[in-house]
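Side chains are part of it too, since the values below use all heavy atoms of this structure and drop only hydrogens, waters and symmetry mates.
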Amino acid sequence: MSQISLTFPDGNTKEVPAGITPAEIAEGISKSLAKKAISAQVNGAHWDLAWPIEEDASIAINTMQDDEAALELIRHDLAHIMARAVQELWPDVKVTIGPVRDHGWFYDFDRAEPFTPEDLGAIEARMKEIINARDVVKTEVWDRDRVRQHYIDTNEPYKVELLDRIPGDEPIRMYWHGDWQDLCRGPHLQHTGQVPADAFKLMNVAGAYWLGDSSRPMLQRIYGVAFKNREALKAHLTMLEEAAKRDHRRLGREMELFHMQEEAPGQIFWHPNGWRIYTTLQDYMRRKQDADGYVEVNTPQVVNRNLWEASGHWENYQEHMFIVEVDEEHAREKTVNALKPMNCPCHVQVFNQGLKSYRDLPLRMAEFGSCARYEPSGALHGIMRVRGFTQDDAHIFCSDDQIEAETQKFIEFLAGIYADLGFTDWKVKLSTRPEKRIGSEEEWDRVEAALGNATKAAGYDYTINEGEGAFYGPKLEFVLTDAIGRDWQCGTFQVDPNLPERLDASYIGRDGEKHRPVMLHRAVVGSFERFIGILIENYAGKLPLWLAPRQVVVAAIVSDADAYCVEVVEKLKAAGIRAEADLRNEKINYKVREHSVGKVPYILACGMKEVEDRTVSTRKLGEKQTKVQSLDEIVAELVAEAKAPDQR
RNA sequence: GCCGCAGUAGCUCAGUGGUAGAGCGCACCCUUGGUAAGGGUGAGGUCGGGAGUUCAAUCCUCCCCUGCGGCACCA
């Protein structure tokens with residue numbers, strides 16, 4: 001038998017017979033390691049203890065102390081255990097796939113009846129029985145035809161299809177625990193009892209298309225979460241509760257920011273508090289844009305079909321457009337219009353007025369453009385995904401050789417805004433040429449390189465989103481990570497030579513000839529509606545003072561202090577602070593609680609002591625202790641803190 | 001759009017084949033209270049919309065709308 005050389009984590013090497021398994025290696029090291037071992041890393045790959053090693057390799061034995069390997073195995077095996085439990089309870093259910101994901105796993109089933117919450121309880125109970133049975137996991141490599149015949153015989157059509165999708169040269173592994181069998185690439189634990197029985201939970205059932213394809217059957221997906229121990233599971237469930245508390249739909253109600261109702265699905269009724277956030281953010285963006293060389297325009301909402309046909313939207317985007325037909329009294333035919341889903345065609349119309357010179361470029365045309373898109377009903381989500389929204393949109397008309405410089409300028413612009421708004425953790429993705437595209441390979445090469453180079457020049461790294469660009473050009477996407485680790489794609493930057501062509505935009509070059517400009521579509525926050533939702537959730541409603549709709553409530557402790565409270569409010573208002581008095585016949589405890597729930601950043605309480613000393617008792621949101629300050633002191637402090645970041 | 005679940009007072013929710021309840025909020029009264037809910041009284045609902053079954057429907061059936069969780073979508 002041939003020998004192979006294994007390298008251990010400590011750098012030692014050992015000659016062993018080819019075909020040795022990690023289980024045997026662990027056994028050779030120590031009895032206790034053999035007992036604790038759960039899997040191995042072989043040349044960096046996650047390796048089942050039972051898989052033979054046939055060539056020279058580096059090897060490390062994993063135990064339950066190795067979090068990544070342990071969680072992977074626990075979650076993966078739970079997917080199989082759940083599938084087995086389901087088939088034991090309902091033998092006619094067809095199994096499909098069940099990958100590890102996020103904090104757990106999911107498994108998709110084909111079953112005529114929907115799973116109910118009671119079913120989930122039954123499945124969970126059955127899973128615990130399987131775990132307690134400590135069934136040994138067995139593995140065998142089968143040849144392809146045998147697997148296919150097996151799944152034809154057992155009437156598992158999805159497995160047959162999966163089998164056919166496995167590349168021809170990969171070994172096909174069959175696993176068992178108990179009598180239950182599955183096709184799976186592994187690795188696995190050694191027996192079901194290694195899975196902690198009290199550290200998982202089935203969360204919910206949802207529909208999911210087979211292979212993610214909306215033309216394929218809808219399956220039922222059961223989601224589960226799993227951890228190494230019960231404490232970790234509990235911590236996760238607590239985290240979910242905390243996340244639910246910062247849900248912008250809930251905070252939107254508690255802070256009286258907005259509401260939505262069924263007469264206008266996907267559109268927002270902004271209340272005074274919410275609209276204050278909106279206009280504050282928009283004012284800030286306008287100042288930033290003005291300072292960065294943009295000109296602001298405003299264009300029509302309802303635009304005739306002719307323009308959408310010329311731009312290509314009528315052909316490619318019509319299903320997402322609100323169509324407005326108007327019977328004009330004297331017209332022979334109805335005129336057909338659409339609410340604009342995007343601003344770009346209108347901006348080209350502005351550009352096309354009058355002859356443009358190369359001296360006018362780059363022309364940075366901005367609009368807080370109100371758009372309407374008929375989003376699929378299932379996509380709507382609070383104020384994050386809506387049918388009526390306003391973008392911080394702009395189009396930069398420029399020549400080819402200005403693309404790179406404009407890209408870099410934009411990234412620097414965006415970075416400053418994200419920092420001002422409290423987001424320092426964000427990344428750049430470069431989406432490259434898709435399969436269906438226009439333009440030459442040389443053009444794509446050049447423009448993709450321009451975007452990549454500009455990103456680096458601005459001081460940022462990027463990852464590639466292969467094939468995710470628009471059909472007319474590549475794009476950059478800016479994804480920010482919020483306070484609880486969720487990613488949101490907000491900023492975008494797209495190179496578009498297509499629309500100027502379609503809408504016949506041109507400028508006169510230095511050579512006196514007509515040239516075609518390129519358009520750079522760009523946005524920083526994306527839609528104000530969605531971005532405000534992100535801000536609310538990121539800050540859990542505790543917005544920085546400059547964005548907070550109600551900045552200060554002056555609360556009377558006794559009614560004899562009412563007049564003084566009003567005086568304090570007037571003084572704050574005169575200094576530009578958004579302040580109101582709370583003179584209601586309630587105890588200070590009640591007022592403090594209510595305004596804390598309403599996320600008011602500062603409560604200034606005033607009783608007779610404050611009246612006599614002309615002071616206030618300041619309580620900052622989220623803090624328990626209070627501070628007695630003179631009127632002048634608190635006004636000065638608040639004025640300083642309430643300044644927008646660009647005005648400090 | 002697809003699968004599943006849900007829709008009862010402003011909010012959170014309970015409930016029943018015989019025209020409905022709680023807590024909070026709201027109004028009024030008492031209380032003037034020192035930093036996260038003081039007490040009392042009262043008002044408030046076409047039980048999402050439509051059709052059907054029934055002597056009778058908020059409750060059962062069907063259709064629609066909206067929301068929620070996913071999936072798909074996000075030229």
Side-chain angles (χ1 to χ4, degrees), chain A residues 106 108-111 113-117 119 203-223 244 247 249-250 253-254 256 259-266 308 311-321 341-342 344 373-382 384-386 434 436-437 468-472 475 477 489 492 494 496 498-499 521 526-527 530 553 555-562 583-598 603-610 617-628:
Chain A
F106 64 77
D108 289 349
F109 299 97
D110 186 5
R111 179 190 186 219
E113 295 294 307
F115 288 108
T116 65
D119 289 343
M203 300 301 284
N204 60 329
V205 190
Y209 296 110
W210 170 233
L211 300 175
D213 181 343
S214 60
S215 68
R216 306 298 302 271
M218 176 69 72
L219 306 171
Q220 294 187 64
R221 175 170 296 177
I222 302 179
Y223 288 89
D247 187 309
R249 293 165 297 190
R250 173 178 174 158
R253 200 168 39 241
E254 289 175 356
E256 300 178 79
H259 87 273
M260 304 177 85
Q261 62 187 51
E262 64 179 280
E263 284 80 1
W308 304 117
S311 71
H313 288 85
W314 195 260
E315 194 189 352
N316 297 314
Y317 204 68
Q318 196 184 147
E319 60 176 325
H320 297 287
M321 287 159 71
M342 297 174 197
C344 25
R373 294 183 189 171
Y374 191 81
E375 298 286 1
S377 57
L380 302 178
H381 178 83
M384 301 279 213
R385 186 83 184 265
V386 288
K436 277 185 69 179
R437 59 178 181 266
E468 292 296 314
F471 70 88
Y472 47 71
K475 63 181 171 188
E477 289 176 347
Q489 195 233 300
T492 181
Q494 295 188 26
D496 182 6
N498 178 56
L499 199 61
H521 306 253
S527 107
R530 179 163 173 273
V553 168
I557 296 170
V558 293
S559 53
D560 284 344
D562 285 2
L583 309 180
R584 292 175 304 168
N585 177 16
E586 299 291 351
K587 296 199 168 172
I588 191 64
N589 286 301
Y590 183 93
K591 295 181 183 180
V592 165
R593 180 188 147 78
E594 184 168 286
H595 298 123
S596 298
V597 168
I603 299 170
L604 308 186
C606 298
M608 290 322 286
K609 216 168 76 186
E610 286 75 16
S617 168
T618 306
R619 181 187 168 118
K620 200 170 176 175
L621 180 60
E623 292 178 6
K624 279 221 157 36
Q625 76 274 33
T626 60
K627 185 161 77 169
V628 176

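- Nearest-nucleotide positions on RNA chain B place A:Phe115 closer to the 5' end than the other of A:Phe115 and A:Leu499.
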Original post:
Nucleotide by nucleotide, 5' to 3', does protein get under 4.0 Å of the base (B), only the sugar-phosphate (S), or neither (-) in nucleotides 35-40 of chain B, counting heavy atoms?
Top reply: BBBS--
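- Taking A:Arg530 as the reference, nothing meets the salt bridge (charged side-chain N to carboxylate O under 4.0 Å, His left out) condition, with sequence neighbours excluded.
- With sequence neighbours excluded, no residue forms a ring pair (Phe, Tyr, Trp, His ring centres under 6.0 Å) with A:His595.
- Atom CG in A:Leu219 sits roughly 12 Å away from atom P in B:A72 (whole-Å rounding).
- With sequence neighbours excluded, the residues satisfying salt bridge (charged side-chain N to carboxylate O under 4.0 Å, His left out) with A:Asp247 are A:Arg249.
- With B:A75, B:G33, B:G70 as the candidates, the nucleotide lying closest to the side chain of A:His313 is B:A75.
- Taking every heavy atom of residues 208-217 of chain A and every atom of RNA chain B, pairs under 4.0 Å involve A:Ala208, A:Tyr209, A:Gly212, A:Ser214, by number.
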**OP:** Indicate for each nucleotide in nucleotides 45-51 of chain B, in 5' to 3' sequence, whether protein heavy atoms under 4.0 Å reach the base (B), only the sugar-phosphate (S), or nothing (-).
**Re:** -------
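- RNA chain B contains the following stems of three or more consecutive Watson-Crick or G-U pairs, with both distances under 3.5 Å: B:1-7 with B:65-71, B:10-13 with B:21-24, B:26-30 with B:38-42, B:48-52 with B:60-64.
- Atom C1' of nucleotide B:C65 and atom CD of A:Glu263 are separated by 10 Å, given to the nearest angstrom.
- Residues that satisfy the side chain to side chain contact (heavy atoms under 4.5 Å, CB included) test with A:Tyr472, not counting sequence neighbours, are A:Ile438, A:Ala470, A:Gln494, A:Asp496, A:Pro497, A:Asn498, A:His521.
- Nucleotides B:C63 and B:A22 are separated by 36 Å at their P atoms, to the nearest Å.
- Comparing B:G69, B:G67, B:G1 against the side chain of A:Arg249 picks out B:G69 as the nearest.
- A:Pro114 comes within contact range of the sugar-phosphate backbone alone, with a heavy-atom separation under 4.0 Å but no base atom that close.
- Every residue two or more places apart in sequence or in another chain that forms a salt bridge (charged side-chain N to carboxylate O under 4.0 Å, His left out) with A:Asp119 is listed here: A:Arg111.
- Relative ring orientation between A:Tyr317 and A:His320 is described as tilted, the plane-to-plane angle lying within the 30° to 60° band.
- At least one side-chain nitrogen or oxygen of A:Ser377 sits closer than 4.0 Å to the OP1 or OP2 atom of B:G1.
- Residue-level contact check: A:Met608 touches the bases, meaning some heavy atom is under 4.0 Å from a base atom.
- Rounded to whole Å, the C1' atom of B:C60 lies 40 Å from the corresponding atom of B:U41.
- Here A:Trp210 pairs with A:Tyr158 under the ring pair (Phe, Tyr, Trp, His ring centres under 6.0 Å) rule; sequence neighbours left out.
- Listed by chain and number, the residues in a side chain to side chain contact (heavy atoms under 4.5 Å, CB included) with A:Glu623 are A:Lys620, A:Gln625 (sequence neighbours excluded).
- Within the 4.0 angstrom heavy-atom criterion, no nucleotide atom of any strand lies near A:Lys591.
- Qualifying side chain to side chain contact (heavy atoms under 4.5 Å, CB included) partners for A:His259, counting only residues two or more places apart in sequence or in other chains: A:Gln261, A:Phe269, A:His271.
- Annotation: B:U46 and B:G10 have their P atoms spaced 9 Å apart (nearest Å).
- Between the C1' atoms of B:G4 and B:C11, the separation comes to 26 Å (whole Å).
- On a pure distance criterion of 3.5 Å, a polar donor-acceptor pair joins the side chain of A:Arg385 and the base of B:C73.
- Of the side-chain N and O atoms in A:Arg373, none sit less than 4.0 angstrom from OP1 or OP2 of B:A75.
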